Student: 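Please find one structure pasted underneath; my questions will follow.
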Amino acid sequence: MDLHEALDILKEEGYKYTKKREDILTFFTKEDGYRTASDLLSHMSKRYEGMSYDTIYRNLHLFSELELLESTELEGEKHFRLACGHEEHHHHFICKSCGKTKAIHTCPMNVISHDFPGYTIDNHKFEVYGYCPKCH
Ligand SMILES: [Zn+2]
Ligand SMILES: [Zn+2]
Ligand SMILES: [Zn+2]
């Protein structure tokens, strides 16, 4: 997903466009990896005086609800990144140091679905953590 796609979804869902919201989404477009609420706060504080955690959290929550952002827990802290959007189904390797991801195109569900006869699988999550070649 890119910035325009994200802003379009925001508009379609009836949310007001604000410069702040665009700046938050731009931050995630540029960062290209998982970032924390405090990373975002320190970035936004440079542009807006008196930027509060509350505003940061409210927008992160909204953007996650609208699936503009995806989140994961790394080292006990919630991290966010721009959602991949309508790409083909895939999973991620996540670097614990720089937060960058690499797509995994093999879905384990294809293998284990045979173990669930009669069950309805609603959703699944699969992530691999470690260090990318740069951070190794
Ligand atoms: Zn992806
Ligand atoms: Zn890395
Ligand atoms: Zn999958």
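Since we're looking at a predicted model, the values are computed, not measured. Start at 1 and go down the list; that is how both ligands and their atoms are numbered. For the single chain, residues carry numbers from 1 onward in sequence order.
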Student: What are the protein N, O or S atoms, given as residue plus atom name, that sit under 2.8 Å from the Zn ion (ligand 2)?
Tutor: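 Listed by chain and number, the atoms are C95 SG, C98 SG, C132 SG, C135 SG.
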Student: Which heavy atom of S71 sits nearest a heavy atom of K78, and at what distance?
Tutor: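 Scanning both residues completely, I find the closest heavy atoms to be OG-CE, 3.4 Å.
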Student: Considering residues at least two apart in sequence or located in another chain, which fulfil the side chain to side chain donor-acceptor pair (under 3.5 Å) criterion with H89?
Tutor: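 Per chain and number, H89 pairs via side chain to side chain donor-acceptor pair (under 3.5 Å) with H91, H124.
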Student: Would the distance check show the side chain of N59 and the main-chain N or O of I56 forming a donor-acceptor pair, the cut-off being under 3.5 Å?
Tutor: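 No: the side chain of N59 does not pair with the backbone of I56.
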Student: Has T55 got a side-chain atom pairing as donor or acceptor with M51's backbone, closer than 3.5 angstrom?
Tutor: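 Not at all, since once roles are kept as given, no pair shorter than 3.5 Å links the two residues.
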Student: Does Y53 share a hydrophobic cluster with L60, counting links as ILVMFWY side-chain heavy atoms below 4.5 Å and allowing steps through other members?
Tutor: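 Per the 4.5 Å side-chain linkage, Y53 and L60 are co-clustered.
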Student: Near the Zn ion (ligand 1), which protein N/O/S atoms fall under 2.8 Å?
Tutor: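 Protein N, O or S atoms closer than 2.8 Å to the Zn ion (ligand 1): C84 SG, H90 NE2, H92 NE2.
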Student: Tell me whether the rings of H90 and H92 are parallel (<30°), tilted (30 to 60°) or perpendicular (>60°).
Tutor: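 It falls in the perpendicular class, over 60°.
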Student: Using only heavy-atom distances, determine whether the side chains of S64 and E70 contain a donor-acceptor pair under 3.5 Å.
Tutor: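 Absent: no donor and acceptor within the cut-off.
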Student: Give the cluster check for I94 versus L40: same hydrophobic cluster or not, with ILVMFWY residues linked at side-chain heavy-atom distances below 4.5 Å.
Tutor: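 The answer is no; the residues belong to distinct hydrophobic clusters.
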Student: Tell me the ring pair (Phe, Tyr, Trp, His ring centres under 6.0 Å) pairs involving residues 18-49, sequence neighbours left out?
Tutor: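 Every ring pair (Phe, Tyr, Trp, His ring centres under 6.0 Å) pair that includes a residue of residues 18-49, provided the two are not neighbours, is F27-H43.
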Student: Checking the side chain of R21 only, and the main-chain atoms of K16 only, is there a donor and an acceptor separated by less than 3.5 Å?
Tutor: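 Yes.
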Student: Can you tell me, to 10 degrees, how wide the angle at the Zn ion (ligand 3) is between NE2 on H89 and SG on C107?
Tutor: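 Output for this angle: 110°, rounded to tens.
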